[in-house]
Amino acid sequence: MIIGLTGTIVAGKEIIANYFKNKGFAYFSLSHVVREEATKLNIKHERKLLQDVGNMLRENYGNNALVLKLLDKIESNRNVIIDSIRNTAEIEELRKLDDFYLISIDASINTRFERSQLRNRESDPKTYDQFLIDESRDREEDLENGQQVEKCIKMADFFIYNSSSLEALNNKIEEIYKKINFK
């Protein structure tokens with residue numbers, strides 16, 4: 001089984017990924033593919049620069065390039081969680097595989113900004129204005145080889161709006177896992 005994750009910045013993808021890792025799923029992230037390439041190119045791991053690297057990889061090697069690079073690392077017959085899907089071609093490539101399910105997650109912009117400030121990753125925006133810019137760029141639907149999070153969210157098999165407690169989110173994830181397991 002392969003579970004894909006898409007969604008807005010700091011909506012809770014990491015929590016979903018951790019849930020599946022605790023169920024024995026191998027974890028992979030398209031963001032890690034981008035970070036590896038950025039490191040090779042000696043590019044800082046700032047969100048805009050990482051977005052540029054991902055866009056460049058898609059432009060040069062096809063919009064499914066990140067997934068293709070990742071699939072080489074995945075053992076067959078293994079339960080896998082793939083995080084950070086941001087382009088519809090990535091989903092289309094993964095849909096070619098048996099047992100692929102896409103989960104999307106979102107939350108209010110204010111909630112997500114607060115979470116980003118608490119998380120404080122190197123790539124997280126430091127101001128609300130910068131968060132809005134990054135958020136807007138993540139949702140660019142008209143850039144074919146760019147971030148298309150809004151379109152990806154609409155392609156999901158399951159959707160979570162993460163607006164309350166960690167316990168409520170875990171309950172929603174558990175419900176989805178049960179539905180997938182019974183298919």
Side-chain angles (χ1 to χ4, degrees), residues 1-38 40 47 50-107 123 134-135 137-162 169 172-183:
M1 175 185 319
I2 298 176
I3 305 291
L5 296 178
T6 192
T8 53
I9 302 169
V10 202
K13 292 181 294 294
E14 186 175 348
I15 294 165
I16 297 173
N18 287 336
Y19 173 90
F20 283 99
K21 285 193 285 187
N22 288 334
K23 294 282 188 191
F25 282 63
Y27 174 80
F28 295 93
S29 172
L30 298 184
S31 290
H32 290 164
V33 173
V34 173
R35 280 175 174 40
E36 287 171 3
E37 189 67 24
K40 287 180 197 172
R47 181 170 293 278
L50 292 170
Q51 288 172 329
D52 290 343
V53 170
N55 294 353
M56 181 263 312
L57 288 169
R58 288 185 202 99
E59 184 175 345
N60 292 340
Y61 304 106
N63 290 335
N64 60 352
L66 301 179
V67 167
L68 292 177
K69 284 179 173 276
L70 189 68
L71 289 178
D72 289 340
K73 299 177 182 182
I74 296 175
E75 299 171 30
S76 61
N77 298 328
R78 179 96 196 263
N79 286 335
V80 172
I81 182 86
I82 300 175
D83 196 359
S84 303
I85 297 170
R86 291 188 170 89
N87 187 284
T88 58
E90 296 161 353
I91 296 168
E92 290 164 5
E93 189 65 37
L94 290 165
R95 290 227 189 265
K96 294 176 185 177
L97 305 172
D98 292 332
D99 273 354
F100 172 73
Y101 302 94
L102 182 65
I103 300 172
S104 69
I105 186 163
D106 196 4
S123 62
D134 291 351
E135 166 77 5
R137 191 157 192 240
D138 234 20
R139 292 178 183 255
E140 286 179 341
E141 293 186 16
D142 57 342
L143 187 59
E144 182 182 340
N145 54 15
Q147 320 294 310
Q148 302 174 335
V149 171
E150 195 69 36
K151 284 182 179 179
C152 292
I153 287 172
K154 291 174 184 171
M155 293 175 72
D157 301 298
F158 302 97
F159 177 78
I160 297 172
Y161 192 77
N162 182 17
L169 176 57
K172 290 175 185 176
I173 300 166
E174 182 70 27
E175 286 175 27
I176 290 171
Y177 181 63
K178 286 178 183 174
K179 286 178 184 175
I180 291 171
N181 248 353
F182 289 123
K183 284 189 175 186

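- Expressed to the nearest 0.5 Å, how far CD1 of I81 lies from NZ of K23 amounts to 12.5 Å.
- N18 and K21 share a donor-acceptor pair across their side chains, judged by distance under 3.5 Å alone.
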task = Let me see the working for I82 and V67 under side-chain contact (heavy atoms from CB on, under 4.5 Å), right down to the final yes or no.
result = CA-CA 9 Å; I82 300 175; V67 167; 5.9 Å; no
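- Of the candidates Q148, K154, K151, T88 forms a side chain to side chain donor-acceptor pair (under 3.5 Å) with just one, namely Q148.
- In this structure, a donor-acceptor pair under 3.5 Å is present between the side chains of R86 and S31.
- At least one side-chain heavy atom of I3 sits less than 4.5 Å from a side-chain heavy atom of I103.
- The shortest distance between side-chain heavy atoms of Y101 and K179 does not fall below 4.5 Å.
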inquiry  = Working note: V80 + F28, criterion side-chain contact (heavy atoms from CB on, under 4.5 Å); need CA distance, chi angles, decisive distance, verdict.
reply    = CA-CA 7 Å; V80 172; F28 295 93; 3.6 Å; yes
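- Enclosure of atom CG in D72 by more than 12 non-hydrogen atoms of other residues, nucleotides or ligands within 6.0 angstrom is indicated.
- Shown here are the side chain to side chain contact (heavy atoms under 4.5 Å, CB included) partners of A11, two or more places apart in sequence or in another chain: T8, I105, R112.
- Side-chain atoms of N79 come within 3.5 Å of backbone N or O of M1 as a donor-acceptor pair.
- Two residues are said to be in side-chain contact when any heavy atoms from C-beta on lie closer than 4.5 Å; L102 and F158 fail this criterion.
- With values rounded to the nearest 0.5 angstrom, N22 atom CG is found 13.0 Å from Y27 atom OH.
- Considering CG of N162 and CG of L169, their distance stands at 4.5 Å, rounded to 0.5 Å.
- Judged by distance alone, with hydrogens and angles left aside, the side-chain atoms of S104 form no donor-acceptor pair with the main-chain N or O of F159 at under 3.5 Å.
- How far CD1 of I16 is from CD1 of I173: 5.0 Å, rounded to the nearest 0.5 Å.
- Remark: Y61 pairs with L57, A65 by the side chain to side chain contact (heavy atoms under 4.5 Å, CB included) rule, at least two apart or across chains.
- Not counting sequence neighbours, the partners of V33 by the side chain to side chain contact (heavy atoms under 4.5 Å, CB included) test are L66, K69, L70.
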query = Under the side-chain contact (heavy atoms from CB on, under 4.5 Å) criterion, do L94 and I91 qualify, and how do the steps go?
reply = CA-CA 5 Å; L94 290 165; I91 296 168; 5.8 Å; no
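- R47 has its side chain within reach of I9: a pair of non-hydrogen atoms, C-beta onward, lies under 4.5 Å apart.
- The salt bridge (charged side-chain N to carboxylate O under 4.0 Å, His left out) check on E92 picks up nothing, with sequence neighbours excluded.
- Considering only heavy atoms from C-beta on, I160 comes within 4.5 Å of I176 through its side chain.
- Between E90 and L30 the shortest side-chain heavy-atom distance falls below 4.5 Å.
- In terms of the side chain to side chain contact (heavy atoms under 4.5 Å, CB included) criterion, residue partners of A38 (sequence neighbours excluded) are, by chain and number, I43, H45, L50, V53.
- Taking D99 as the reference, nothing meets the salt bridge (charged side-chain N to carboxylate O under 4.0 Å, His left out) condition, with sequence neighbours excluded.
- Between Q147 and N87 the shortest side-chain heavy-atom distance does not fall below 4.5 Å.
- Between F20 and Y177, the gap from one ring centroid to the other is short of 6.0 Å.
- D106 and K13 are not joined by a salt bridge, as no carboxylate oxygen comes within less than 4.0 angstrom of a charged side-chain nitrogen.
- In this structure, CD in E36 is found 6.5 Å from NZ in K40, a value given to the nearest 0.5 Å.
- Here the closest heavy-atom approach between residue Y161 and residue K172 is recorded as O-NZ, 2.7 Å.
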